Amino acid sequence: MYCPQCLTEYQPDATECVDCQIPLVEGKPMFCPNCEEFITMTDTFCDNCGILLTKSPAEEGPDCENHPDVEAIGGCVICGKPVCEECAREMNGRIFCENDEHLNVHQGFVVAYTTSTDYEAEMIKANLEGAGIHAMIFNQHDHVYFTNMGTLALVNVMVPRAQIEEAEEIIVALLEEEGLGEEEEGEANA
Ligand SMILES: [Zn+2]
Ligand SMILES: [Zn+2]
Ligand SMILES: [Zn+2]
Ligand SMILES: [Zn+2]
């Protein structure tokens with residue numbers, strides 16, 4: 001386990017950096033060669049800019065979802081769809097798929113919560129909508145590459161920029177209630 005901020009290495013059972021008080025990440029932190037944001041070894045695409053992160057030359061990356069014989073250069077930062085050079089659209093140094101909506105979403109919406117389970121994302125969306133917040137789910141599980149590879153696919157719940165604070169409060173309260181999110185109860189000491 002490593003702290004993504006100060007890069008200190010911790011024991012495998014540690015969860016938080018004692019200096020920075022932020023959650024630790026698994027594996028040695030690396031930084032995107034394109035945008036220099038923090039990334040992990042398990043990422044297929046940079047979460048921030050969407051470029052394909054090649055781990056070793058031998059490892060095959062995903063193919064474009066529209067062109068199955070063409071290698072993807074990255075993934076849409078909104079929906080995670082793998083796209084080739086021809087299909088990718090770039091805006092502010094980030095990669096998007098051909099869906100116009102995703103470009104608009106990037107400008108108006110922010111990620112309120114990221115999970116790997118559809119169920120949790122749906123539950124959060126339902127609660128946010130109950131509170132009058134227009135929530136949208138973007139799911140890498142929809143893309144063949146992630147299902148076939150058994151890669152940990154992420155599900156992002158996005159909300160309008162103006163409602164992010166309200167949304168975060170609802171999510172925090174909800175996770176406490178459901179005992180989801182951080183595994184605080186007992187599991188850490190098992
Ligand atoms: Zn630290
Ligand atoms: Zn990047
Ligand atoms: Zn997309
Ligand atoms: Zn393509």
Side-chain angles (χ1 to χ4, degrees), residues 1-55 59 61-68 70-114 118 121 125 134-147 149 151-161 182 188:
M1 302 301 285
Y2 290 83
C3 171
Q5 193 163 302
C6 65
L7 306 185
T8 306
E9 186 176 357
Y10 282 87
Q11 296 298 320
D13 60 352
T15 55
E16 196 181 88
C17 177
V18 284
D19 296 323
C20 314
Q21 291 170 0
I22 54 170
L24 299 179
V25 295
E26 227 172 299
K28 202 173 169 67
M30 299 189 311
F31 297 89
C32 174
N34 185 40
C35 67
E36 291 171 8
E37 274 295 311
F38 161 73
I39 53 177
T40 64
M41 278 306 279
T42 51
D43 285 343
T44 304
F45 304 122
C46 171
D47 285 343
N48 183 52
C49 71
I51 66 152
L52 176 68
L53 302 165
T54 34
K55 288 151 208 163
E59 196 175 331
D63 287 331
C64 173
E65 202 167 284
N66 303 328
H67 304 103
V70 186
E71 266 182 52
I73 58 153
C76 174
V77 292
I78 301 297
C79 70
K81 178 174 178 172
V83 283
C84 71
E85 203 158 2
E86 194 186 315
C87 301
R89 300 166 66 176
E90 278 186 67
M91 170 93 119
N92 302 329
R94 294 185 165 86
I95 292 176
F96 297 89
C97 67
E98 70 284 1
N99 188 331
D100 282 332
E101 203 190 311
H102 295 180
L103 272 175
N104 298 336
V105 164
H106 177 65
Q107 284 162 348
F109 281 67
V110 286
V111 176
Y113 191 70
T114 300
D118 296 333
K125 179 178 189 237
H134 175 47
M136 291 203 276
I137 292 180
F138 291 96
N139 196 338
Q140 290 185 343
H141 292 139
D142 293 343
H143 302 296
V144 185
Y145 170 74
F146 293 98
T147 12
M149 300 300 279
T151 314
L152 182 70
L154 298 177
V155 188
N156 285 331
V157 182
M158 299 186 79
V159 299
R161 217 171 270 276
E182 307 298 321

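Keep in mind that what you see is a predicted model, and the values were worked out from it rather than measured. Residue numbers start at 1 and run along the sequence shown. One-based numbering, in listed order, for ligands and for the atoms of each.
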Looking at Ala88 and Ile95, what are the two nearest heavy atoms and their distance?
-> CB-CG2, 4.1 Å
Note, Val111 side chain near Phe138 side chain (heavy atom, < 4.5 Å) = no
ang(SG Cys32, the Zn ion (ligand 2), SG Cys49) rounded to 10° is 110°
Value for CG (Asn156) from OH (Tyr113), rounded to nearest 0.5 Å, stands at 11.0 Å
What angle sits at the Zn ion (ligand 1) between SG of Cys6 and SG of Cys3, to 10°?
-> 100°
To 10°, measure the SG(Cys76)-the Zn ion (ligand 3)-SG(Cys97) angle for me.
-> 110°
Angular separation of Cys46 SG and Cys35 SG about the Zn ion (ligand 2), given to 10° | 110°
Asp100 side chain near Arg89 side chain, heavy-atom distance below 4.5 Å | yes
Vertex the Zn ion (ligand 1), arms to Cys20 SG and Cys17 SG, rounded to 10° = 110°
Taking the Zn ion (ligand 3) as the vertex, what is the angle from ND1 of His102 to SG of Cys79, given to 10 degrees?
-> 110°
Residue pair Glu36 / Phe31: nearest heavy atoms and the distance that separates them = O-CD2, 3.7 Å
